[in-house]
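Encoded as structure tokens, the structure appears first; notes follow it.
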Amino acid sequence: MVRVRFAPSPTGYLHIGAARSALFNWLYAQKTGGKFLLRIEDTDLQRSTEESTRSIIEGLQWLGLAYDEEIVFQSANADKHRAAAYKLIEEGQAYRDFTPKAQRDDATVKQGVAERARAHAAAGIDPRSNPYRELPREESEQRAAAGEPFAVRLKIPHEGKTHFEDIVYGPQERAFPEIEDLVLLRSDGHPLYNLSVVIDDIEMGITDVIRGQDHLTNTHKQVLLYEALGASVPHFAHLPLILAPNKGKLSKRKHGEVVSLTTYRDRGFVPAAFRNFLALLGWAPPDGKEMLSVGELVEQFSLAGIHRSPAVFNFQENDPRHWTDEKALWMNAEYIRTMPIEELLPMVKAELRANKLWREEYDEDEREWFARVVDLIRQRFHTLKDFSAQGRAYFSADFDFDETAISKNLKKEPQLKELLPALADQLEQTDPFTSESAEATLRRLAEEKGVKAGLLINGSRTMLTGQAVGPSMFEVFEILGQKRSVERLRSGVPWFQAMNALGDV
RNA sequence: GGCGCAUUGGUGUAGUUGGUUAACACGCUGCCCUCUCAAGGCAGAGAUCACGGGUUCGAGUCCCGUAUGCGCUACCA
């Protein structure tokens, strides 16, 4: 049975790249009828936080990726990791390295590595030569017993090469001389990443490791460890990276909240929409259809459909209209306007509630009305936030008037100041009050006064909703009802606001 | 520095064994619809398939090289 895992380190919010890894693992588990496990890699005590763990769990939940079994916290397994390392020493597959720990500054590590490599090459030193590798066992044990600190390193053979088959990237080979004897245990006894992952994956019975491409080259080391440990090697599938628009690394420090999954939740994304979008980064369904429900995603998903080149996450910083990938935004709007209304309603409810616009009647007597409004206004919304912003006038008498709407639809025609109350008088007499009758009334008045119907329509739109844009106005009349429509048409509020704003009395 | 991976319109992708005008989605432009804005419909712009060689009757697809980008190379994860 297939067992896959998502293994994030809790050192910050859930990155969208990580979220995609989680998605692909989950999809694969669903597809194969396997298990999807969650492991929190919290071995870096300084950087790991509980808050981050919480946000990861919330993020997965939001995306609808339920994990099986108990969460595994890697830090809880440190003893097992150490024991495995000591066992490898016993077996002569690993050795104690008494070289004093080199001081390393995290920020300059990459540079330091390159410099060291250059220096070694220039001096003709084999970077893998380590005087402790062949230290006689007695001496090694004596020095350890005497309390001398040591790191534990895996012995990599000098000759030969590793090989594994990556499901996405194909056959991978690496010559042993290119791999340094990797450190398993720090001199303070702390187990290191490569050891911990392998032990935990064995322990958890992981059959398929699906993760970011940044782990591809390190996989050779892990394969060696599996072999040293006498465990069977899982299948590997590495996923192409998700890059920033400049094709650089997508990071929080440089790109801010666009990379955080919670941002999408907080800014009004429908989970299914974002999940759908994420699935299309690095993978494409065989039939090319892009709007896919979870069921379809599961059905169509295959590791073979994942391709190798990195995907660019397209957004424009400093441009609020394009704060994230346009296709994601489009897809969200598409979901909002096409998803079953019954599924959308609870999301709108949550949004209204958060903005104190929710009324319990919407769940009871006015349930039908509520569904009708949502159905009417969702057609042109892009995020759930829009229901409480542009949609505010439908749920509250206390809404703002858009400045451009006032100048374009009201102030430009001063006579509207009299025409709209006149329309209100007419509408008050209209019975029954429906979109059809409201339309007839309005058009009759326009004809009487010799003005274009559009003038009254657009003016009404701004009076009733505060906006210059929105659904068909006659639908709005009906949905808002006779009483509110008449009241708002008579209200002088936007006129005062216009005068104040524009300073002409 | 070494090793690895990648490279199809602005972006996401299709193009499985080489064979007609390189396909789809987002975005963009125009038109239609119309009470506005969307949606929808129609039309369109945009790719010398990174570059240079080669194999072949024929290459986005195979081979070699170059460039660029990214990753790994840590007593980080």
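By convention in this document, chain letters (A, B, ...) are assigned in the order of the sequence lines, proteins followed by strands, and residues within each chain are numbered from 1.
Among the atoms of the strands shown, none is found under 4.0 Å from any heavy atom of His322(A). Counting any heavy atom pair closer than 4.0 Å across all strands shown, Tyr193(A) reaches a base atom. Lys161(A) comes within 4.0 angstrom of no nucleic acid atom, judged by non-hydrogen atoms across all strands. At a threshold of 4.0 angstrom between heavy atoms, the contacts of Ser187(A) include nucleobase atoms, whether or not backbone atoms are also involved.
Under the side chain to side chain donor-acceptor pair (under 3.5 Å) criterion, Asn276(A) pairs with Tyr335(A), not counting sequence neighbours. Residues that satisfy the side-chain contact (heavy atoms from CB on, under 4.5 Å) test with Asp375(A), not counting sequence neighbours, are Ile341(A), Arg378(A), Gln379(A). Shown here are the ring pair (Phe, Tyr, Trp, His ring centres under 6.0 Å) partners of Tyr169(A), two or more places apart in sequence or in another chain: there are none. With sequence neighbours left out, Tyr132(A) forms a ring pair (Phe, Tyr, Trp, His ring centres under 6.0 Å) with Phe98(A). With sequence neighbours excluded, the residues forming a side-chain contact (heavy atoms from CB on, under 4.5 Å) with Thr11(A) are Ser9(A), Arg47(A), Ser48(A), listed by chain and number.
Checked by atom type and distance alone, the side chain of Ser187(A) never pairs as donor or acceptor with a backbone atom of Pro149(A) at under 3.5 Å. Distance alone, capped at 3.5 Å, is enough to place a donor-acceptor pair between the Thr430(A) side chain and the Gln426(A) backbone. Looking only at distances, no side-chain donor or acceptor of Arg275(A) sits under 3.5 Å from a matching main-chain atom of Leu23(A). A side-chain donor-acceptor contact under 3.5 Å links Gln482(A) to the backbone of Leu427(A). Remark: side-chain polar atoms of Ser435(A) are not paired, donor with acceptor, to backbone N or O of Phe474(A) under 3.5 angstrom.
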Kindly indicate, with the supporting measurements, whether the criterion side chain to side chain contact (heavy atoms under 4.5 Å, CB included) is fulfilled by Phe277(A) and Glu290(A). CA-CA 9 Å; Phe277(A) 172 75; Glu290(A) 296 192 319; over 6 Å; no
Run the side-chain hydrogen bond (donor to acceptor under 3.5 Å, both in side chains) test on Asp44(A) and Tyr193(A) for me, step by step, so that the C-alpha distance in whole Å, both residues' side-chain angles and the decisive distance to 0.1 Å come before the verdict. CA-CA 9 Å; Asp44(A) 188 333; Tyr193(A) 173 72; over 6 Å; no
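By the neighbour-count criterion of 12 heavy atoms within 6.0 Å, atom CD of Glu448(A) is densely surrounded, having more than that number from other residues, nucleotides or ligands. Remark: Lys449(A) NZ is loosely packed, at most 12 non-hydrogen atoms of other residues, nucleotides or ligands lying under 6.0 Å away.
The side chain of Lys221(A) lies closest to U73(B), out of G12(B), U11(B), U73(B). Checking U7(B), A74(B), C75(B) against every side-chain atom of Ser309(A), the shortest atom distance belongs to U7(B). Here the side chain of Ala311(A) is nearest to one of U13(B), A6(B), C75(B), namely U13(B).
Spacing between atom CG of Asp325(A) and atom P of A25(B) amounts to 17 Å, rounded to whole angstrom units. Atom-to-atom, NE2 of His81(A) to P of A77(B) comes out at 11 Å; the value is rounded to the nearest Å. Remark: P of A25(B) and NZ of Lys327(A) are 9 Å apart, rounded to the nearest angstrom.
One finds no side-chain N or O of Arg308(A) lying less than 4.0 angstrom from the OP1 or OP2 phosphate oxygen of U7(B). Taking 4.0 angstrom as the limit, Arg153(A) places a side-chain polar atom (N or O) nearer than this to OP1 or OP2 of C75(B).
For the segment residues 211-220 of chain A, the set of residues with a heavy atom within less than 4.0 Å of an atom of RNA chain B comprises Gln213(A), Asp214(A), His215(A), Thr217(A), Asn218(A), in numerical order. Shown for residues 272-279 of chain A: no residue has heavy atoms falling under 4.0 angstrom of RNA chain B. Near RNA chain B, meaning a heavy atom under 4.0 Å from it, residues 237-249 of chain A has Leu241(A), Lys247(A), Lys249(A) in order of number.
With respect to the salt-bridge test (charged N to carboxylate O, under 4.0 angstrom), the residues Arg443(A) and Glu439(A) qualify.
If you find the closest nucleotide of RNA chain B to Thr99(A) and to Gln172(A), the one lying nearer the 5' end belongs to Gln172(A).
Counted by atom type alone, Ser21(A) and Arg211(A) present zero donor-acceptor pairs between their side chains at under 3.5 Å. For the 3.5 Å distance criterion, the side chains of Asp402(A) and Gln467(A) fail to qualify, holding no donor opposite an acceptor.
Classified by interplanar angle (parallel below 30°, tilted 30° to 60°, perpendicular above 60°), the ring pair Phe399(A)/Phe401(A) is tilted. Aromatic ring orientation, Tyr264(A) versus Phe274(A): parallel (interplanar angle below 30°, classes split at 30° and 60°).
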Show me the dot-bracket string of RNA chain B, counting Watson-Crick or G-U pairs under 3.5 Å, with | for pairs to another strand and [ ] for crossing ones. (((((((..((((.....[...)))).(((((.......))))).....(((((..]....))))))))))))....
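With both ends at atom P, the span from U7(B) to G12(B) equals 12 Å, rounded to whole Å. Nucleotides G52(B) and A59(B), compared at atom P, are 14 Å apart to the nearest Å. For the P atom pair drawn from A39(B) and U29(B), the interatomic distance equals 12 Å after rounding to whole Å. Distance check on atom C1': G71(B) versus A77(B) gives 15 Å, rounded to whole Å. Of the P atoms belonging to G30(B) and G69(B), the separation is 37 Å, rounded to the nearest Å. G9(B) and C5(B) have their P atoms separated by 22 Å, given to the nearest Å. Separating the P atom of U8(B) from that of C62(B) is a span of 14 Å, rounded to the nearest Å. Look at the P atom in both G60(B) and U17(B): the space between them is 14 Å, to the nearest Å.
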Could you run down nucleotides 29-49 of chain B 5' to 3' and tag each one B, S or - for protein heavy-atom contact under 4.0 Å? ------BBBBS----------
Please set out all donor-acceptor pairs under 3.5 angstrom arising from side-chain atoms of residues 305-316 of chain A, sequence neighbours excluded.
from      : atom 1 : to        : atom 2 : distance (Å)
Arg308(A) : NH1    : Val168(A) : O      : 2.5

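Judged by atom type and distance alone, Glu290(A) reaches the base of G12(B) through a side-chain donor-acceptor pair under 3.5 Å.
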I'd like a list of close polar pairs between nucleotides 14-18 of chain B and the protein, N/O only, cut-off under 3.5 Å.
from   : atom 1 : to        : atom 2 : distance (Å)
A14(B) : OP2    : His307(A) : ND1    : 3.3

